[in-house]
Amino acid sequence: GDRAASLILGGPYTAAFWALVVTMGLVVPLTAELLESQRRLEPTWVTPAFILVGGLALRWVLVSAGQA
């Protein structure tokens, strides 16, 4: 429980969590959606792909930290 959280928030899984889950899975898709809506661009497959990769990365980080 607490030990797994410390691995994610200050241990070896911190970089993967922030880079893959937060940045690639949340920030990039949000930015892409905002740009698409402001410029009235055609939606692409890129945003959903980033969301899926971020979700898979979240599961990987949680399972790996839980087993460590």
Side-chain angles (χ1 to χ4, degrees):
D2 291 336
R3 188 163 173 253
S6 68
L7 290 172
I8 294 170
L9 298 175
Y13 296 99
T14 304
F17 176 77
W18 286 103
L20 297 174
V21 177
V22 175
T23 303
M24 188 183 297
L26 297 172
V27 175
V28 170
L30 178 63
T31 305
E33 283 293 320
L34 289 174
L35 288 174
E36 286 176 0
S37 67
Q38 286 177 350
R39 297 190 176 153
R40 295 186 180 121
L41 299 173
E42 186 81 21
T44 64
W45 58 269
V46 175
T47 302
F50 274 110
I51 293 171
L52 288 173
V53 169
L56 290 172
L58 176 63
R59 285 162 179 75
W60 172 79
V61 167
L62 291 178
V63 169
S64 297
Q67 291 179 349

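- The cluster map of Ile, Leu, Val, Met, Phe, Trp and Tyr, joined by side-chain heavy atoms under 4.5 Å apart, puts Leu7 and Val22 in the same cluster.
- Hydrophobic clustering (side-chain heavy atoms under 4.5 Å, transitive across Ile, Leu, Val, Met, Phe, Trp, Tyr) keeps Trp45 apart from Leu41.
- When the side chains of ILVMFWY residues are joined at heavy-atom separations under 4.5 Å, either directly or via intervening members, Val21 and Val53 end up in two distinct hydrophobic clusters.
- Legend: side chain to side chain donor-acceptor pair (under 3.5 Å) pairs involving residues 58-68, not counting sequence neighbours, sorted by first then second residue: Trp60-Ser64.
- Side-chain contact between Leu62 and Ile8: present, with at least one pair of heavy atoms (C-beta onward) separated by less than 4.5 Å.
- Side chain of Ser37 to main chain of Leu34: a donor-acceptor pair is present (N/O by atom type, distance under 3.5 Å, no hydrogens or angles).
- For the pair Phe17 and Leu58, the minimum side-chain heavy-atom distance is below 4.5 Å.
- Linking Ile, Leu, Val, Met, Phe, Trp and Tyr residues whenever their side-chain heavy atoms come within less than 4.5 Å leaves Ile51 and Leu35 in two separate clusters.
- Residues Leu26 and Leu30 do not share a hydrophobic cluster, defined by chaining ILVMFWY side chains whose heavy atoms lie under 4.5 Å apart.
- The backbone N or O of Pro29 sits nowhere less than 3.5 Å from a side-chain atom of Thr47 that would complete a donor-acceptor pair.
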